[in-house]
Amino acid sequence: MKQIAILGSTGSIGRQALEVIRSYPDRLRATVLTAHRNIDLLEQQIEEFQPLLAVVTDTAAAERLRARYAGKTRIRSGPDALVEAGTVAACDTVLTAVSGAVGIQPTLAAIAAGKDIALANKETLVAAGDLVMETVDKQGVALLPVDSEHSAIFQCLDTQRQAEVAGLVLTASGGPFRGKTKADLAHVTRADCLRHPTWRMGPKITVDSATLFNKGLEVIEAHHLFAMPYERIRVAVHPQSIVHSMVEYVDGAVLAQLGTPDMKLPIQLAFSYPERWQVVQETLSWEERHCLTFEAPDTDTFPALTLAYRVGRTGKSLPLVMNAANEVAVHAFLEEKISFLQIYETVETIVQRHRPQALRDIHDVACIDREIRREAKALLSIE
Ligand code: NDP
Ligand code: MG
């Protein structure tokens, strides 16, 4: 029985992970669950999965749950509770499915405690990639990608033949604004942005998909996960979201992983690996006619991708800075305080101002992250 801690069980990835766990009651157990604001859903999940530990951000909500589940599920809250969730002795695997850099500390703690990681929370790898990968190597744990593109590459990449790999091709849906011009983007709304054509995801990543920052974060994520230089990572826009990504070999062969756009496959594989288990989601139908198209990204309209490559190549603290500024700007956009185009403008301004410095440890990460959030909020004149 694999015992799993789900950090962010009330989110889009968290809920789909619980669907997978529900399909395999003899093999998987949700031992730890965590939520931020959605206490009602967490409570339903506690009722159904009876975890050892449940974590909420809000202390008052924790009090209420504690009274109700005394003697059954331990309830924790407070700043260290997510770290505790990632390091529970009974768990072997931690699914990091919180949104944003809040995942960094619990992920590092989980790795240090010897847990295998099913990584959905890409912001952690972008912001603290060198630190995370060093800790993974030191602890000898598995870091299994849940992001669909990285799961695809993981499935196609023959790590024994690294020298024969020419490069990686990350596919991108292009988001809801593919084909639009910069002028069109000046007036798009939150609702336009949240209408993603192929994937149903949480709000932050959906906005990232619209700006193409998501693909930029994924390029940096791929660089760390697969030790791949940036010049060998390319992006192809593939609006059908059926080819999840590809690996090119030196002889010109291209290996791809295909499937329906459904996160349950990469989530399940991260739990079952090295085995493959019976499918739980809908599969591709070969009776239908599929048209698969690929094109270059429009980086004039969506400059976030170019910025992310530049930031990734510079490294040091710059990816952390780009990520923190983007999180602040995306949240401000979601709260309808700034326009869509201001997201990129904010991130670019903050990135330009920053002098990259080495990240020695988690304290450096936390300190710069905090400072940049303050700076981005000041720039936008928000709280
Ligand atoms: P959601 O917004 O749907 O869920 C986020 C989860 O994190 C929720 O459980 C939420 O709790 C919790 N959370 C949010 N803020 C905090 C906080 N400050 N402290 C503690 N917990 C918090 O996001 P997604 O599931 O879409 O994405 C999760 C991660 O997975 C992201 O890093 C994303 O980039 C990545 N990912 C997602 C994909 C998808 O298809 N959704 C695909 C590939 C990667 P609550 O809901 O209770 O407030
Ligand atoms: Mg992805």
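Numbering of ligands and ligand atoms starts at 1, following listing order. This one's a predicted model, so the numbers in the text were calculated from it and none came from an experiment. The figures here come from the full heavy-atom set of this structure, side chains too, leaving out hydrogens, waters and symmetry mates.
Looking from atom 34 (O) of ligand 1 to the surrounding protein, the closest heavy atom is Lys122 CE, 3.3 Å. At the shortest separation from atom 37 (C) of ligand 1 among protein heavy atoms lies Ile13 CG1, 3.5 Å. Of all protein heavy atoms, the one closest to atom 45 (P) of ligand 1 is Thr10 OG1, 3.2 Å. With respect to atom 31 (C) of ligand 1, the closest heavy atom belonging to the protein is Val98 O, 3.6 Å. From the protein, the heavy atom lying nearest to atom 33 (C) of ligand 1 is Ile205 CD1, 3.9 Å. Nearest non-hydrogen protein atom to atom 23 (O) of ligand 1 is Gly202 CA, 3.9 Å. If you check which protein heavy atom lies closest to atom 6 (C) of ligand 1, you get Ala97 O, 3.5 Å.
Counting non-hydrogen atoms of other residues, nucleotides and ligands closer than 6.0 Å to CD of Glu383 gives a total of 12 or fewer. Within a 6.0 Å radius of CD in Gln105, no more than 12 heavy atoms belonging to other residues, nucleotides or ligands are found. Counted within 6.0 Å of CZ on Arg37, heavy atoms from surrounding residues, nucleotides or ligands total 12 or fewer; the atom is thus considered open. More than 12 heavy atoms of other residues, nucleotides or ligands lie within 6.0 Å of CZ in Arg232, so this atom counts as buried by the packing criterion. Heavy atoms from other residues, nucleotides or ligands lying under 6.0 Å from NE2 of His290 number more than 12.
Within the 3.5 Å criterion, the main-chain N or O of Ile6 finds no donor-acceptor partner in the side chain of Ser9. In this structure, Thr93 contributes its side chain and Ile4 its backbone to no donor-acceptor pair below 3.5 Å.
A heavy-atom separation below 4.0 Å is not found between Lys204 and ligand 1. Taking 4.0 Å as the cut-off, Gly14 does not count as a neighbour of ligand 1 on heavy-atom distance.
Here the straight-line distance linking atom CZ of Phe226 with atom CZ of Phe154 works out to 7.5 Å at 0.5 Å rounding. To the nearest 0.5 Å, atoms CD1 (Ile75) and CG (Leu53) are separated by 7.5 Å.
Taking only non-hydrogen atoms, the option from Pro203, Pro106, Ala101 nearest to atom 2 (O) of ligand 1 is Pro203. Distances from atom 3 (O) of ligand 1 to the heavy atoms of Ser9, Ser12, Pro266 put Ser12 nearest. For atom 8 (C) of ligand 1, the nearest non-hydrogen atom from the set Gly11, Pro79, Pro261 comes from Gly11. If you check each of Arg37, His196, His36, Arg15 against atom 16 (C) of ligand 1, the one with the closest non-hydrogen atom is His36. Taking each of Thr96, Thr206, Ile267, Asp147 in turn, the one with a heavy atom nearest to atom 43 (C) of ligand 1 proves to be Asp147.
Atom OE2 is the N, O or S atom of Glu218 at the shortest distance from the Mg ion (ligand 2). Within Glu149, the N, O or S atom lying nearest to the Mg ion (ligand 2) carries the name OE1. When distances from the Mg ion (ligand 2) to the N, O or S atoms of Asp147 are compared, OD1 comes out shortest.
For Gly100, no nitrogen or oxygen atom sits less than 3.5 Å from a nitrogen or oxygen atom of ligand 1, counting backbone and side chain alike. The distance criterion of under 3.5 Å between nitrogen or oxygen atoms is met by Asn38 with respect to ligand 1.
Shown in contact with Glu123 at under 4.0 Å from a heavy atom are these atoms of ligand 1, numbered in order with element: 31 (C), 32 (O), 34 (O). Close contacts of ligand 1 with Asn121, meaning ligand atoms under 4.0 Å from a residue heavy atom, involve 32 (O). Short contacts between ligand 1 and Ala35, defined as distances under 4.0 Å to a heavy atom of the residue, involve ligand atoms 47 (O). Close contacts between ligand 1 and Ala120 involve ligand atoms 30 (O), 32 (O), 35 (C), 36 (N), 44 (C) [criterion: under 4.0 Å to a heavy atom].
Partner Val351 forms a side chain to side chain contact (heavy atoms under 4.5 Å, CB included) with one of Thr314, Leu318, Ile372 and no other, that one being Leu318. Exactly one residue among Val207, Asn323, Asp208 makes a side chain to side chain contact (heavy atoms under 4.5 Å, CB included) with Phe213. That residue is Asp208.
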Audit row: Glu123, Lys204, salt bridge (Lys or Arg N to Asp or Glu O under 4.0 Å) steps and yes/no: CA-CA 11 Å; Glu123 293 91 341; Lys204 195 263 174 180; 3.0 Å; yes
Step-by-step ring pair (Phe, Tyr, Trp, His ring centres under 6.0 Å) determination, Phe271 to Tyr24: CA-CA 11 Å; Phe271 292 161; Tyr24 286 99; 9.8 Å; no
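Of the heavy atoms in Met201, both backbone and side-chain atoms come closer than 4.0 Å to ligand 1.
Using a 4.0 Å cut-off between charged nitrogen and carboxylate oxygen, Lys2 and Asp92 do not count as a salt-bridge pair.
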